[in-house]
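Source: prediction; values computed, not measured. Counting begins at 1 with the first residue of the sequence.
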Amino acid sequence: MAMPPPLFAAASHASLLLPSPTIHSSTGSRRPFRLPLRSSRRPPVAAAAASGVPDEWGDRSPSAPEPPSQPDPPIDDDEWGRDDPSASGNSRPVPVTDEWGEPGVPEPQSTSAADPPTNDDEWGGDPAPPPPPPPVPEEDNEEERREELKRCLVDTVYGSDLGFRASSEVRGEVLELVTQLEATNPTPEPVQATHLLAGNWILIYTAYSELLPILAVGAAPLFKVDEISQEIDTNSMTIVNTSTISSPFASFSFSATASFDVQSPSRIEVQFKEGSFQPPKISSSVDLPAEVDIFGQKISLGPVQQVLNPLQQAFASIAGSISGQPPLKLPIPGNNRARSWLLTTYLDKDLRISRGDGGLFILVKEGSPLLDQL
């Protein structure tokens, strides 16, 4: 079906068919009749722009721009219609409306700074796992390692007679433990740490060659090295080395006194001055062991004990007369043999490791719990 032509098209065709009106002038001539045009009060473009009608090209002029809208005033409500505590500073309940504009139930605000902790998560599931324990400080780990190394060192030298009977395997283990302890020395300047250096130190192991004669006497039958100690006085800058040997009949003690000078934060120079021999302490009773081991042979001392029993009274009288005598002191010549140096490579409140020109010394401070392991 054919579409009817537009009205404006029909009107234009109709105007072509209708004759134009004519006006006869007085002269008898015929001229066409035209309607007068009414003048506009404003220019076409301005009028089109004001009315928003299309111009002569068919374009619609833009309307005048609207003034910018003012921003909404700030409010203290959050997205749920509640007062913002941070803005108002109060926590009163505020009426709220739901999404349909209906009033809802006031929701009170909590006055606490933070919600109380709960064991459940936001979905009501299982509680979150506890946080991992804080890491152990590195200083604590190093301290535990030092304590373990010290215990191992004391256990290794046990039964070696201060190193005199130590096997090559034991000497190797001792040297390895000493090296590890020296690497973790907590006192980098031991000579300056007088509160740790001062005191009486008990020797538990040595590789010093000049002490071998004393240790050899302690290994002889009926003799024993009770103790070798070194007392350091940092106020008078003196050192006293003392050795004690005991037997069933008496105990003998002798010492050497020396002064020292500080050469570096870890090294001192020692100058021996004099030797001292204490009077022997005679035993009031003689108690011999049941047997002794001489060159691998077991020898019984029962007959000797029976002979000495009648002499108990004589030993008691001798002990009383000698015990009150002063010690015998001998000066030590000030030559190069009387000089020595001592390097402290490890120092703490319990243990001291020193190296001298004659070997290695491992000492434990008097009263330390490490001595209970020996």
Side-chain angles (χ1 to χ4, degrees), residues 130-209 211-212 214-215 218-219 224-232 234 239 241-244 264-268 341-374:
V136 180
E138 185 177 352
E139 294 80 3
D140 296 343
N141 290 334
E142 191 169 351
E143 178 66 23
E144 292 179 0
R145 182 170 178 268
R146 281 196 298 264
E147 293 297 326
E148 182 64 24
L149 288 174
K150 290 192 295 185
R151 288 191 292 267
C152 291
L153 180 60
V154 174
D155 290 341
T156 302
V157 302
Y158 176 78
S160 64
D161 287 346
L162 305 182
F164 182 75
R165 297 183 183 273
S167 62
S168 59
E169 181 180 359
V170 170
R171 289 194 296 268
E173 291 180 3
V174 169
L175 185 59
E176 182 179 358
L177 292 172
V178 165
T179 303
Q180 295 183 36
L181 281 170
E182 289 174 340
T184 61
N185 181 24
T187 312
E189 297 181 352
V191 176
Q192 306 298 331
T194 56
H195 64 289
L196 295 177
L197 187 63
N200 192 29
W201 296 88
I202 310 301
L203 183 72
I204 62 172
Y205 181 88
T206 184
Y208 186 42
S209 59
L211 285 179
L212 290 179
I214 299 177
L215 299 179
K224 177 186 177 182
V225 177
D226 287 340
E227 184 179 278
I228 298 178
S229 63
Q230 184 179 72
E231 185 175 2
I232 300 178
T234 55
I239 295 177
N241 295 335
T242 304
S243 301
T244 302
S264 72
S266 58
R267 184 171 64 90
I268 61 175
W341 58 269
L342 196 64
L343 178 67
T344 301
T345 57
Y346 182 91
L347 178 65
D348 64 13
K349 61 182 180 64
D350 296 318
L351 185 69
R352 176 164 67 94
I353 300 176
S354 298
R355 296 179 183 269
D357 52 1
L360 173 69
F361 304 92
I362 302 176
L363 305 100
V364 175
K365 204 164 195 177
E366 187 177 25
S368 171
L370 293 177
L371 292 175
D372 299 335
Q373 299 179 230
L374 299 173

Carboxylate-amine/guanidinium contact R146 D348, below 4.0 Å: no
Which heavy-atom pair separates T179 from L175 by the least distance, and what is that distance? OG1-O, 2.8 Å
Going by heavy atoms in the side chains, are E227 and E366 under 4.5 Å from each other? no
Please check if the side chain of S354 supplies one atom and the backbone of F361 the other of a donor-acceptor pair under 3.5 Å. no
Evaluate E148 against R151 for salt bridge (charged side-chain N to carboxylate O under 4.0 Å, His left out), listing each step before the verdict. CA-CA 5 Å; E148 182 64 24; R151 288 191 292 267; 2.8 Å; yes
Check: I362 and V154 side chains under 4.5 Å, non-hydrogen atoms: no
If you round to the nearest 0.5 Å, how far is CZ of R355 from CG of L342? 11.5 Å
State, to 0.1 Å, how close Y346 and L181 come at their nearest heavy-atom pair, and which atoms those are. CD1-O, 3.1 Å
Is the side chain of T187 donor-acceptor paired with the backbone N or O of P190 at a distance under 3.5 Å, no angle test? no
Is any side-chain heavy atom of L211 less than 4.5 Å from a side-chain heavy atom of L203? yes
Intermediate values then yes/no, side chain to side chain contact (heavy atoms under 4.5 Å, CB included), T206 and L215: CA-CA 10 Å; T206 184; L215 299 179; 4.2 Å; yes
Backbone N or O of R165 within a donor-acceptor pair of the S160 side chain at under 3.5 Å? no
Quick check: closest heavy atoms across H195 and K365, and the distance to 0.1 Å? O-NZ, 3.8 Å
At their closest point, which heavy atom of L374 faces which heavy atom of Y158, and how far apart are they? C-CE1, 3.6 Å
Distance from L363 atom CG to L347 atom CG, nearest 0.5 Å? 10.5 Å
Please report the shortest heavy-atom distance between D350 and P369, naming the atom on each side. OD1-CD, 4.1 Å
May I ask you to check whether N200 and E231 show a side-chain donor-acceptor distance below 3.5 Å? no
With the threshold set at 4.0 Å, does a side-chain nitrogen-carboxylate oxygen contact exist between E147 and K150? yes
Would you say the side-chain atoms of R352 pair up with the backbone N or O of T344, donor to acceptor, closer than 3.5 Å? no
Note, V191 side chain near R267 side chain (heavy atom, < 4.5 Å): no
Going from CG on L149 to OG1 on T156, what distance comes out if it is rounded to the nearest 0.5 angstrom? 10.0 Å
CA sep, side-chain torsions, deciding dist, call: V178, L153, side chain to side chain contact (heavy atoms under 4.5 Å, CB included): CA-CA 8 Å; V178 165; L153 180 60; 4.3 Å; yes
Any chance you could measure T194, atom OG1, to I232, atom CD1, to the nearest 0.5 Å? 11.0 Å
Compare every heavy atom of V364 with every heavy atom of S368, then report the nearest pair and how far apart it is. CB-CG1, 3.6 Å
Considering only heavy atoms from C-beta outward, does the side chain of D161 approach that of V225 to under 4.5 Å? no
